[in-house]
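Structure first, then comments.
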2 protein chains.
Amino acid sequence: MTVNANTVNIKSDEAYHHGDLRAAAIALGLEKLASQEVPDLGLRAIARELGVSATALYRHFAGKEALLEALAAEGIRQLGASQKAAAQRAGGGTAAFQATGVAYVEWAVANPALFALTFAGKTRPNLAMSDADGDENEAFRQLQAGISSVLPAMAPSADRASAAMHAWSLVHGLANLILAGQIDDDPQVIRSVVAHTFGLGGGAADCA
Amino acid sequence: MTVNANTVNIKSDEAYHHGDLRAAAIALGLEKLASQEVPDLGLRAIARELGVSATALYRHFAGKEALLEALAAEGIRQLGASQKAAAQRAGGGTAAFQATGVAYVEWAVANPALFALTFAGKTRPNLAMSDADGDENEAFRQLQAGISSVLPAMAPSADRASAAMHAWSLVHGLANLILAGQIDDDPQVIRSVVAHTFGLGGGAADCA
DNA sequence: ACAGTCATGTTAACAGCATAAACATTCCGA
DNA sequence: TCGGAATGTTTATGCTGTTAACATGACTGT
């Protein structure tokens with residue numbers, strides 16, 4: 001296992017000035033994103049806040065876009081981890097599937113800027129199509145696992161793929177609409193909308 | 001004096017140099033958005049391309065954000081019109097409802113930058129909550145009409161609201177995921193994913 | 001018709017941004 | 001120890017949004 005340079009590894013102190021600048025930049029970027037609603041990060045601002053010259057970051061990133069991609073990778077990793085934790089907490093089966101959906105939306109709402117960045121532009125890595133081996137694909141793996149727990153294993157793969165896209169679209173759209181201020185950020189609403197589709201096998205945990 | 005033949009003139013002739021600059025800026029903005037994937041419009045670029053000084057636009061827009069909002073308003077108007085046309089083309093009932101969903105996604109895919117702009121940031125007007133009287137609310141009105149055609153009129157308004165959010169989230173998420181390159185832009189896929197929910201008819205009925 | 005006001009344009013200037021080129025330093029392996 | 005690679009700095013270029021001060025043309029009230 002190679003050391004993943006992307007991970008947020010804040011060595012306690014005495015770190016970066018002549019240490020690991022790349023990691024420090026990513027850590028600070030995440031920190032700034034966490035306290036912002038819109039991902040308008042600036043290289044200069046990061047460098048300044050890091051006590052380093054503006055152009056120093058070019059030794060570690062090809063440009064602004066490269067830094068943003070690194071942050072996006074971290075974002076998708078966190079999202080996947082959050083979903084995985086929610087699924088485990090819920091046990092298994094349909095409940096776990098719904099939990100991943102709710103976790104998706106809640107993570108997005110809790111991390112607006114990072115979520116926006118993660119899915120911004122066409123330059124981002126294609127999550128669904130990649131071979132789901134990397135650590136950053138936990139999100140899609142959770143989706144597939146959820147599908148498996150709801151649809152019988154013998155269902156045609158076309159149905160499974162369609163269901164996956166359906167579920168993903170639902171939570172993704174709900175998250176985006178909430179972030180756009182078009183739908184209220186109400187846990188009850190989120191749960192209800194998600195349950196409506198994610199429980200599709202049996203329908204209606206919510207309707208009773 | 002030279003009338004710029006490139007621009008899509010809203011006002012018939014005798015255009016903008018000492019005419020209607022605001023309209024010209026919006027028209028050019030839309031034109032530029034149409035040939036771009038990402039809404040990185042620049043005030044200076046627009047002014048330059050319009051043959052006018054950079055600061056002239058400040059006589060008509062409070063700032064860049066204001067111009068973007070004007071463009072977003074035009075975007076939501078076009079989206080609603082597209083949905084309305086699709087619904088009428090489809091006749092009525094469930095088919096029309098599905099058609100509005102497909103139209104939503106297809107319009108978004110056909111106008112990536114404008115669609116992104118329309119739903120970017122929290123500063124945009126809240127479509128769902130406003131009183132649906134203005135011309136720009138056709139999109140939400142279509143959504144409600146579609147819901148009405150699928151859910152029985154006597155259904156509790158909570159169910160109707162939930163169904164509306166559900167449908168909206170689905171198409172919105174599907175559009176965004178396609179634009180993010182995560183789902184293939186395949187008409188067959190769009191139709192299938194949309195039909196899955198928009199034809200639910202039964203989804204809510206199951207609960208009763 | 002004339003004067004004044006207001007809408008609309010102009011130029012100049014400021015601060016901030018991403019990025020590139022040339023230069024300096026530090027570190028590490030042969 | 002020496003030389004090159006890695007890392008950081010200064011300087012410079014050209015972009016951006018935005019403000020301030022100034023010009024000018026058109027409309028309006030008397």
Side-chain angles (χ1 to χ4, degrees), chain A residues 2-6 9-11 14-29 32-33 36-72 113 116-117 120-121 123, chain B residues 1-4 7 9-11 13-29 32-33 36-72 113 116-117 120-121 123-124:
Chain A
T2 61
V3 171
N4 190 344
N6 281 355
N9 199 357
I10 302 185
K11 292 287 191 173
E14 178 99 26
Y16 47 79
H17 189 74
H18 244 228
D20 194 348
L21 180 60
R22 177 184 171 98
I26 293 181
L28 182 63
K32 284 173 80 74
L33 283 179
Q36 261 170 266
E37 294 206 338
V38 150
D40 62 344
L41 284 194
L43 278 189
R44 286 182 110 95
I46 289 184
R48 195 183 318 126
E49 220 154 322
L50 227 42
V52 94
S53 149
T55 57
L57 294 170
Y58 283 82
R59 298 296 171 193
H60 302 272
F61 304 95
K64 185 184 184 181
E65 195 60 24
L67 171 55
L68 262 42
E69 276 176 32
L71 292 174
L117 184 61
T123 72
Chain B
M1 268 266 163
T2 50
V3 171
N4 195 338
T7 56
N9 273 331
I10 289 185
K11 294 281 189 176
D13 35 18
E14 174 86 32
Y16 48 79
H17 189 73
H18 243 240
D20 195 347
L21 180 60
R22 178 184 171 96
I26 293 182
L28 181 63
K32 283 174 79 76
L33 283 179
Q36 261 170 272
E37 293 208 336
V38 152
D40 63 345
L41 285 195
L43 277 189
R44 287 183 112 100
I46 288 184
R48 196 183 317 128
E49 217 154 324
L50 227 42
V52 94
S53 143
T55 57
L57 294 171
Y58 282 82
R59 297 296 170 194
H60 303 273
F61 303 95
K64 186 185 184 181
E65 195 61 23
L67 171 55
L68 261 42
E69 276 175 33
L71 293 174
L117 183 61
T123 73
R124 302 278 170 271

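Sequence lines set the chain letters: A, B, ... in the order given, protein chains first and strands last, and positions in each chain run from 1. Since the structure is predicted, the reported quantities are computational estimates derived from the model, not experimental observations.
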D20(B) side chain near R22(B) side chain, heavy-atom distance below 4.5 Å: yes
Check: [N] base within 3.5 Å donor-acceptor of [X] side chain:
{"X": "T55(A)", "N": "dT10(D)", "value": "yes"}
{"X": "S53(B)", "N": "dT11(C)", "value": "no"}
{"X": "R44(B)", "N": "dT18(D)", "value": "yes"}

Between H60(A) and dG8(D), does any side-chain N or O lie under 4.0 Å from OP1 or OP2? yes
Check the phosphate of dT16(D) against R48(B), side-chain N and O only, distance under 4.0 Å to OP1 or OP2. Yes or no? yes
Between [N] ([atom2]) and [X] ([atom1]): distance, integer Å:
{"X": "D40(A)", "N": "dT16(D)", "atom1": "CG", "atom2": "P", "result": "18 Å"}
{"X": "K64(B)", "N": "dT16(D)", "atom1": "NZ", "atom2": "C1'", "result": "8 Å"}
{"X": "F61(A)", "N": "dT7(D)", "atom1": "CZ", "atom2": "P", "result": "12 Å"}
{"X": "L41(A)", "N": "dG16(C)", "atom1": "CG", "atom2": "P", "result": "17 Å"}
{"X": "L67(B)", "N": "dT18(D)", "atom1": "CG", "atom2": "C1'", "result": "14 Å"}
{"X": "L43(B)", "N": "dT19(D)", "atom1": "CG", "atom2": "C1'", "result": "13 Å"}
{"X": "I46(B)", "N": "dT16(D)", "atom1": "CD1", "atom2": "C1'", "result": "13 Å"}
{"X": "L21(A)", "N": "dC27(C)", "atom1": "CG", "atom2": "P", "result": "15 Å"}

With sugar-phosphate meaning primed atoms plus P, OP1 and OP2, does R22(B) contact a base, only sugar-phosphate, or nothing at under 4.0 Å between heavy atoms? nothing
A25(B) versus L57(B), closest heavy-atom pair with distance: CB-CD2, 3.8 Å
Closest heavy-atom pair and its distance - L43(A), Y58(A): CD1-OH, 3.5 Å
For the atom pair CG (L68(A)) and CG (L41(A)), what is the distance rounded to the nearest 0.5 Å? 6.0 Å
Rounded to the nearest 0.5 Å, what's the gap from CZ on R48(A) to CG on L28(A)? Could you check? 11.0 Å
By nearest atom, which of the nucleotides dG8(D), dT19(D), dA21(D) is closest to the R59(A) side chain? dG8(D)
